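Quick notes on the structure that follows.
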Amino acid sequence: MELKRVVVTGLGALTPIGNNVKEYWEGLKHGKSGAAPITYFDTELFKTKFACEIKNFDAKDYFDRKEIRRLDKFAQYALISSDEAILDSGIDLNVVNKHRVGVIWGAGIGGLETFQNEVIDFAKGDGTPRFNPFFIPKMIADIAPGNISIKHGFMGPNYATVSACASSANAMIDALNYIRLGYSDVMVTGGSEAAVTQAGMGGFNSMHALSTRNDDPQKASRPFDANRDGFVLGEGSGALILEEYEHAKARGAKIYAEVIGGGMSSDAYHMTAPHPEGTGVIAVMKNCLENSNLKPEDVDAINTHGTSTPLGDVAELKAIKKVFGEHAKNININSTKSMTGHLLGAAGAVEAIASILAMQNSLVPPTINHETADENIDSELNLTLNKPQERKLKVVMSNTFGFGGHNACVAFKSLD
Amino acid sequence: MSDIASRVKAIIVDKLGVDENEVVTEASFTNDLGADSLDTVELIMEFEKEFDIQIPDDQAENISTVGQATSYIEEAKK
C-alpha cells in the first residue's frame, strides 16, 4: 500500500522565550535565554533556584475560573498552543470531518503540580482520604489530548504518548503514521509540560540532572560548552497540525513543511544514563533516515537533544559523527535548549517547530552560552555557536531522547 | 439570609464559577448551574469541610439544589 504524504499546516507555541509562535521565533533568532529565578515557590532550600518558566502568563486571559480549577497547567498550555495551531492552519471547524481529525499529544509527566498539592493536603490531614474529585482527571497525562478533543469535537484517534523527554516526538511520529496509513486526514499533535514545582525541581535535583549555576541562570544552559553542569528545567507547550497532503492542497492551505519520516529506538541500557557508545542514538537517526528515504548527505541541520549535561551532549555528537561520517561537518547542529531550557515532554514539539521555522526563514537559531571548547567534542563540527547562521535548508532533523532510554527523531523537508 | 445559606452560596459561586444572582434556593446544581458529576462531589466535600460535618453518600445523592444543601446543613448543625 502506498503511504500518504503528510504536511505541517499549523503551528502553536507557548515557551519560556515567547508565548506564541511569532514571539518564540523572535526569541530563537536573537539568542534569548528563558532562564530566571523561580517565581512559583520559595527556593531557599533547593539546590537549583532557577528555571525557564513561562513569562507574563495569566490563565485568566485564556480560561474562566471554573476551567482553571479543572485544568492543571500542563493541560492549560496544551489547549492554548493547540488553539493557536488550529487557528493558524485555517481549517474550518464547521466543514472538516471531525471523525477524521485526531489528537495525539505528549507529556512526560502530566499534572505534577496537581499530584504534588493533593498529596501534600492528604499528608497534612488525619489520614481521611479527602481527595478532590478532579485530582485524577486533572493529573493524568492523557487529559491534555482529551480536553483538546472535547473543546473542538475531534473524534479521531486520541491518546497521550509518555516517553519522558521524547514524548512529543513520539506523538508526532504516531500522528504522522495515522495519516500515512489513511486513518485520519488531520492530526493535532505536540506536547506540553509544567513540572517547575517543588516535586519537579527537587526530584531532578536529587538525580544531579540540573544545572546549579544559581549566580548566573541565563548562562546555565550551555550545551557543548566544557563547563556545562546539567540541564535547566523549562515548561510550556508546542503544537503542530499535521495534514494529509491532498487534503491540505484541496483547501488551499499554507504548508510549512513535509513530515517525511520518523525514527524510534531504545537504548536498552540504563534508567537515566545515556549509553556510552550511543548505540540507541545511532540507531534512531539511522531509522529516521531510512523511514524518511534519505541519504545522510541530504540532511542540512539537526536540532539536537543537547540538554547541556556532561555525558549526554558528547554521546549525541559522537553518534552524529557515526551516522553521518564526513558529512557531519557540513551539518548545522544546534541546541535550542540553550535558550528555552528543557521542556521535557514538550521538547520534541517545540524543537520541531524551531526546525521548521529555521527552514522557513533560512536561518539556523544559535546554541547560546558557548564559551569554552570541550576537548571531547570534535572542533570541526558546526555547532552553530552563539550566533544564528543563514542557510537555505532543505531537510532538517530533530532529536529527542528520554529517561528510560527512549529515542525519537523526526525529519522535515521544505517543499519550496 | 441565614449565615449557613450565605456560606453555601459563597462556596457554590466559587466552585462553579457562577454569578451570585443565579444561586437561588430552587436552583439545581446540574440543570441550572452547569455542574457535572465531579463538580457535585466537590461541592459536597466543600460543604463537609466548611461546616465540619459528614454527608454520607446515600444522603449526598438527595442534595441536588441550593435549598436542599442549605436545609441539610442547617439540620446537621442543630
Side-chain angles (χ1 to χ4, degrees), chain A residues 57-76 78-80 83 110-111 113-153 155 158 160, chain B residues 4-66 68-70 72-73 76-77:
Chain A
F57 176 80
D58 187 348
K60 291 200 281 296
D61 295 342
Y62 302 92
F63 305 102
D64 67 32
R65 210 167 45 167
K66 189 175 166 188
E67 287 170 322
I68 292 170
R69 288 198 315 104
R70 292 168 154 252
L71 297 167
D72 184 274
K73 273 198 289 192
F74 95 103
Q76 294 177 13
L79 282 165
I80 293 166
D83 273 0
E113 185 176 36
T114 299
F115 191 98
Q116 170 194 293
N117 292 344
E118 283 292 327
V119 174
I120 288 173
D121 279 352
F122 171 66
K124 278 183 185 158
D126 62 3
T128 312
R130 300 177 53 83
F131 287 92
N132 188 291
F134 292 105
F135 168 33
I136 302 293
K138 266 174 83 174
M139 175 267 291
I140 50 182
D142 54 289
I143 208 66
N147 276 310
I148 294 169
S149 70
I150 291 164
K151 176 161 186 182
H152 301 288
M155 294 175 75
N158 189 295
Chain B
I4 288 177
S6 64
R7 281 154 74 194
V8 164
K9 190 173 185 170
I11 289 172
I12 295 169
V13 166
D14 178 48
K15 294 296 169 193
L16 301 184
V18 289
D19 196 88
E20 233 182 73
N21 302 326
E22 296 175 67
V23 189
V24 292
T25 310
E26 60 277 13
S28 151
F29 301 142
T30 48
N31 297 333
D32 301 316
L33 302 176
D36 63 17
S37 57
L38 296 174
D39 291 317
T40 312
V41 177
E42 195 184 27
L43 276 181
I44 297 291
M45 288 177 66
E46 280 302 310
F47 296 148
E48 290 181 327
K49 199 162 115 193
E50 172 75 16
F51 298 102
D52 194 24
I53 55 172
Q54 294 292 327
I55 308 177
D57 285 354
D58 58 339
Q59 300 193 28
E61 282 168 21
N62 300 321
I63 303 175
S64 59
T65 67
V66 178
Q68 285 165 355
T70 310
Y72 183 92
I73 296 161
K77 293 303 280 183

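In what follows, every chain begins at residue 1, and chains take the letters A, B, ... in the order their sequences are listed. The figures that follow rest on heavy atoms only: side chains count, while hydrogens, waters and symmetry mates do not. Source: prediction; values computed, not measured.
- When all heavy atoms of B:Val18 and B:Ile12 are compared, the closest pair comes out as CG2-O, 4.0 Å.
- Inter-residue side-chain proximity for B:Ile53 and B:Ile73 is flagged as met; some heavy-atom pair is nearer than 4.5 Å.
- For B:Gln59 and B:Tyr72, the side-chain atoms include at least one donor-acceptor pair closer than 3.5 Å.
- Looking at heavy atoms from C-beta onward, A:Leu79 lies in side-chain contact with A:Phe63 at the 4.5 angstrom threshold.
- Heavy atoms closer than 4.5 Å to chain B are found nowhere in A:Asp64, neither backbone nor side chain.
- Here the closest heavy-atom approach between residue A:Gln76 and residue A:Ile68 is recorded as NE2-O, 3.7 Å.
- Residue A:Asp72 comes nearest to A:Gly110 through the heavy atom pair OD1-O, 4.3 Å, listed as atom of the first residue, atom of the second, then distance.
- Side-chain polar atoms of B:Gln68 and B:Ser64 form a donor-acceptor pair below 3.5 angstrom.
- Against chain A, the residues from residues 26-45 of chain B that qualify, each with a non-hydrogen atom under 4.5 angstrom away, are B:Gly34, B:Ala35, B:Asp36, B:Leu38, B:Asp39, B:Val41, B:Glu42, B:Met45 in number order.
- Heavy-atom distances place the side chain of A:Arg69, and not its backbone, under 4.5 Å from chain B.
- Contacts of residues 133-144 of chain A with chain B at a heavy-atom distance below 4.5 Å involve A:Pro133, A:Phe134, A:Pro137, listed in sequence order.
- Between B:Arg7 and B:Phe47 the shortest side-chain heavy-atom distance does not fall below 4.5 Å.
- Heavy atoms of other residues, nucleotides or ligands lying less than 6.0 angstrom from NZ of B:Lys77 number more than 12.
- Closest of all the heavy-atom pairs between A:Arg130 and B:Glu48 is NH1-OE1, 3.3 Å.
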